[in-house]
Amino acid sequence: MSAPLVVSGLRKQFGRLRVLEGVDVALDAGQVTALVGPNAAGKSTLIKSILGLVRPDAGTIAVLGETIGADPHYRRFIGYMPQAARYPDNLTGDEVLALLADLRGGQAPHDHALRASLGLTAETLARPVRTLSGGTRQKLSAVIALRHEAPVLILDEPTAGLDPLTSSHLKELVRQRAASGAAVLLTSHVMAEVEELADVLVYLVDGRVRFSGSLDELRLRTGQRRVERAIAHLMREVA
Amino acid sequence: MPWLRSAAGTAWVLAATSTLSAQQTITVRAAGPVATIAGALRQAGDGDRIVITAGTWALDSPLVVAHRVDIEGEGMPVLRGRGNHELLRITANGVRIRGLAFQNVRTSYIDDLAAVRFIEVDGCAVEDSRFEGTFFGIYLQKAKGCRITGNHFVGGGRSESGSGNAIHLWNSTRTLIADNEITQHRDGIYLEFARHVDVVGNISEANFRYGLHFMFSDSCNYRGNRFRSNGAGIAVMYSKQVDMTGNRFEDNWGAGAYGLLLKDITDGRLEDNRFAGNSTALFLEGSSRLLVRGNAFDRNGWAIKLMANTEGNRFEDNTFSGNSFDVATNSRSNASVFDANYWDHYQGYDLDRDGYGDVPYSPVRLFSLVVQQNEPALILLRSFMVDLLEVAERVMPVLTPATLVDQRPRFTVPK
Amino acid sequence: MSAARKVLGYSLSNLLRNWWVLGYGLLFLFLTDALFRFGGGGPRVAASLMNVVLIVIPLVSVVFGTLYFSNSREFIELLLAQPVSRPALFTGLYFGLALPLAAAFAIGVALPAAAHGGAGLMRPVATLVAAGVLLTFVFTSVAFLAGVHFEDRAKGLGFALLVWFCCAVLYDGLILLVATMFRDYPLEPALLALTVLNPVDLARVLLLLTLDAAALMGYTGAVFGRFFGSALGIAAAAAALLMWTAVPFLLGLRGFNRKDF
């Protein structure tokens, strides 16, 4: 069976700025892939391309074997957790969840366990979103991303702003998802997190993939045991 | 009824006819001894009464009434013309006509053919009669002391040039025109060189030109009439001592239509009239020493247009509401007085609570001057930009007449 | 387009709890009521409201719309990451804003008008409400166009305000200039065309025809009256307002479809 998400030859240019210059990435089922790179390397453009938020100039993206086009249907198979979400001020958490479930169609997911494990009480969810803290909104985003048990998960800095306890719960949930066969794409600035969660690392610089392989391969290549050092090594190598 | 007093001049006619002892009644009936109206007129002498029975009486030429008779209809008989001629020509004094229907006096472009013409008579009356499709209805030519009351006129023409006037007075005096209903004529009531005429309680509407039109007619009096939807409204010209009170001028729409057009009128009085829904309610040109008091101007395009050559007029206790423009003028100077009127556009305040606004009101808007010179600009009426210009002009008057102000704008509608 | 309806539904329940929208409705409610209480008769109220409608509605629609769109950017991105098509989302968001704004205004004016009643009120009030609703739709379109095309909120707001200023103020200055400069020519057809091309002026003239009928019965007014009374005129006015709603909307939609977030 082919990989749930395959990106090949992806190019994107904003005006004169070349952001992606032929990116090839494949996400395997059951694995967590960390997307790492310096600022302005093209990470968010890559993620947005996969989500259909950015229209690539060239290259293809295939989700579950189907090349994506204008039809938004494929996004049913993707769970997405944005870096910092903002929700309509006057809706309650419940209403936001209801709307997003509604937009996906089908049955409302049974996510009570999920909500509970992230510490979202019924009382919290009954309040207007504008009264919620950044961390609580982040939990809401996590529920939205995880509850449909999508085969592809895209998590953009998922633990930023979360307290340590929730953070570790979330990481545990991500591992469980991967264990049950989901392909996970993760960006993070916390290398310890990458080391803890990721099976595979994709290193992106100036719109090109400079390294792609397992963490062990990374260690082997750079001769560094710790991922943080290995990345630093890669950065020097590229420069 | 107040008009009875002014009709006193004609009263003797009626008194005389009704008290004659030797009065003879001649009945005109198709199957009777007197079968034609002409026959009856031949028999009748002064003071006799002719009764015309119901039916249609066709006429081939005008009937001349040369004796003082009462002609009365029984069941509204119809006198119907057959060609280009008048129906009745009355040359005797004190003739009274009552309850007849006059039909079919054709349009003539040469003569002012009338259904009933009085020529140089002293005393006459036309009452409760109908005029249908008659070119001119009643024509008073050098007559005096007449009463025209309770008649109904429906003109037959379709245009201004193809129709005549319902009631036409030329060189006549001491006449009462009351409670008539007039429509579809050229002018409803037309007075030329008339004196001491009372026009009271008439309804004149949907005429092609003027509902009421008078020229060179001094000392006349107009009360409680209703003028509606006439082609050009009402025009009063070249007259002195005109009294107009309690009339209604309504819905006279059009570029050349006026609720009331006053041209060269002096020493007149306009009180308690109501002007509503006219393109221009009151237009004054060359008029002076008029008192305009207690009138209501409601929902007109222009409530008052005051031309430069007017002077010495007083406007007081009038109510202006819902008009697009309250006062327009073509002059920067002003020789008329506005005092104690109610203006709904007034935005001042009354801190001393005396019922009058504490800041004067200038009813002439800059935009009305613009429109006067450049009519298409009217499309900008009520535009925000125009309001801004207006504010600028208020702060620093450059174009609007500085003296045309109401120093005591009323705070409430006068009683 | 059931996704559009869902987005519309959420947008409605969000905005109907928005204090600005409620305040906007209450503003019209109190204003209309106060005008009825202190200002006198119905036509007078309609006339006073007319200036408010022609200035405030475009301004509020365009400013609030632009801010609303740019404030919703992150949520729009999240929604677009769901299986929702862009046209559906855009349409849902558009009506989700235009409808509450229009409703706030319409209810704010209609309630006091109904309460105070009065003969001869129906037509001016109905025309007023219709004009206000149409202007809301037009200027919400413009706002969304600005929101789509300008990433920078300040620039978007600047563009939106510029469009408002041109329509509400500057354009009439232009008309006055044209009318003054070419006063010796028969100007009515040209002015008619100019009027139809600006939604604010078009709404104003349609209101004039009910409020200042008498003044408009002069030669110039008669030309306008005849035009807008004719089938051609009604069609032209409807087409122009529709065009003013549709063109910015479609341009915005096109931009939204092609946009990289």
Side-chain angles (χ1 to χ4, degrees), chain B residues 229 233 249-259 275-281 297-303 305 319-326 328 342 344-347 365-368 370-390 411-413, chain C residues 39-48 50-52 54-56 58-59 120 165 167-192 194-195 198 200-201 204-205 207-208 211-225:
Chain B
S229 301
F249 304 87
E250 295 169 334
D251 301 327
N252 298 292
W253 280 13
Y258 303 97
F275 298 83
N278 304 288
S279 287
T280 302
F297 297 86
D298 188 35
R299 288 175 293 106
N300 302 286
W302 283 260
K305 272 190 186 169
T319 300
F320 295 83
S321 59
N323 303 297
S324 301
F325 301 98
D326 286 334
Y342 172 81
D344 71 338
H345 291 135
Y346 179 58
Q347 288 173 332
R365 291 173 61 190
L366 173 63
F367 188 52
S368 73
V370 173
V371 171
Q372 200 118 30
Q373 290 165 9
N374 187 4
E375 212 201 319
L378 183 62
I379 202 163
L380 290 172
L381 184 61
R382 292 183 193 274
S383 144
F384 184 55
M385 210 258 336
V386 164
D387 289 351
L388 290 180
L389 287 182
E390 219 63 68
F411 228 66
T412 49
V413 176
Chain C
R44 178 86 210 284
V45 174
S48 305
M50 174 172 167
N51 295 319
V52 181
L54 294 177
I55 294 300
V56 171
L59 185 62
F165 186 71
C167 286
V169 186
L170 214 55
Y171 196 88
D172 289 346
L174 182 82
I175 289 187
L176 190 59
L177 199 68
V178 168
T180 313
M181 279 173 61
F182 302 99
R183 99 164 64 144
D184 300 331
Y185 300 87
L187 271 175
E188 280 83 2
L191 292 187
L192 260 181
L194 281 174
T195 304
N198 176 359
V200 178
D201 275 336
R204 186 172 51 76
V205 170
L207 283 168
L208 284 186
L211 291 173
D212 288 276
L216 287 174
M217 282 305 129
Y219 171 67
T220 291
V223 171
F224 299 148

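Interatomic distance, CD of Glu375(B) versus CD of Glu188(C), reported as 7.0 Å (0.5 Å rounding).
Residues Leu191(C) and Ala377(B) share a closest heavy-atom pair of CD1-N, 4.4 Å. Nearest approach of Arg382(B) to Leu208(C), heavy atoms of both residues: CD-CD2, 3.7 Å. Residues Val169(C) and Met385(B) share a closest heavy-atom pair of O-CG, 3.5 Å.
Side-chain atoms of Leu176(C) and Leu389(B), non-hydrogen and from C-beta on, do get closer than 4.5 Å to each other.
If you measure heavy-atom distances from Val371(B) to chain C, you find no contacts under 4.5 Å at all. Only the side chain of Asp387(B) comes within contact range of chain C, with at least one heavy atom under 4.5 Å from a heavy atom of that chain.
Judged purely by atom type and a 3.5 angstrom limit, Asp172(C) has no side-chain atom pairing as donor or acceptor with the backbone of Leu380(B). Remark: side-chain polar atoms of Arg204(C) are paired, donor with acceptor, to backbone N or O of Ile379(B) under 3.5 angstrom.
Around the CD atom of Glu390(B), the shell of radius 6.0 Å holds more than 12 heavy atoms that belong to other residues, nucleotides or ligands.
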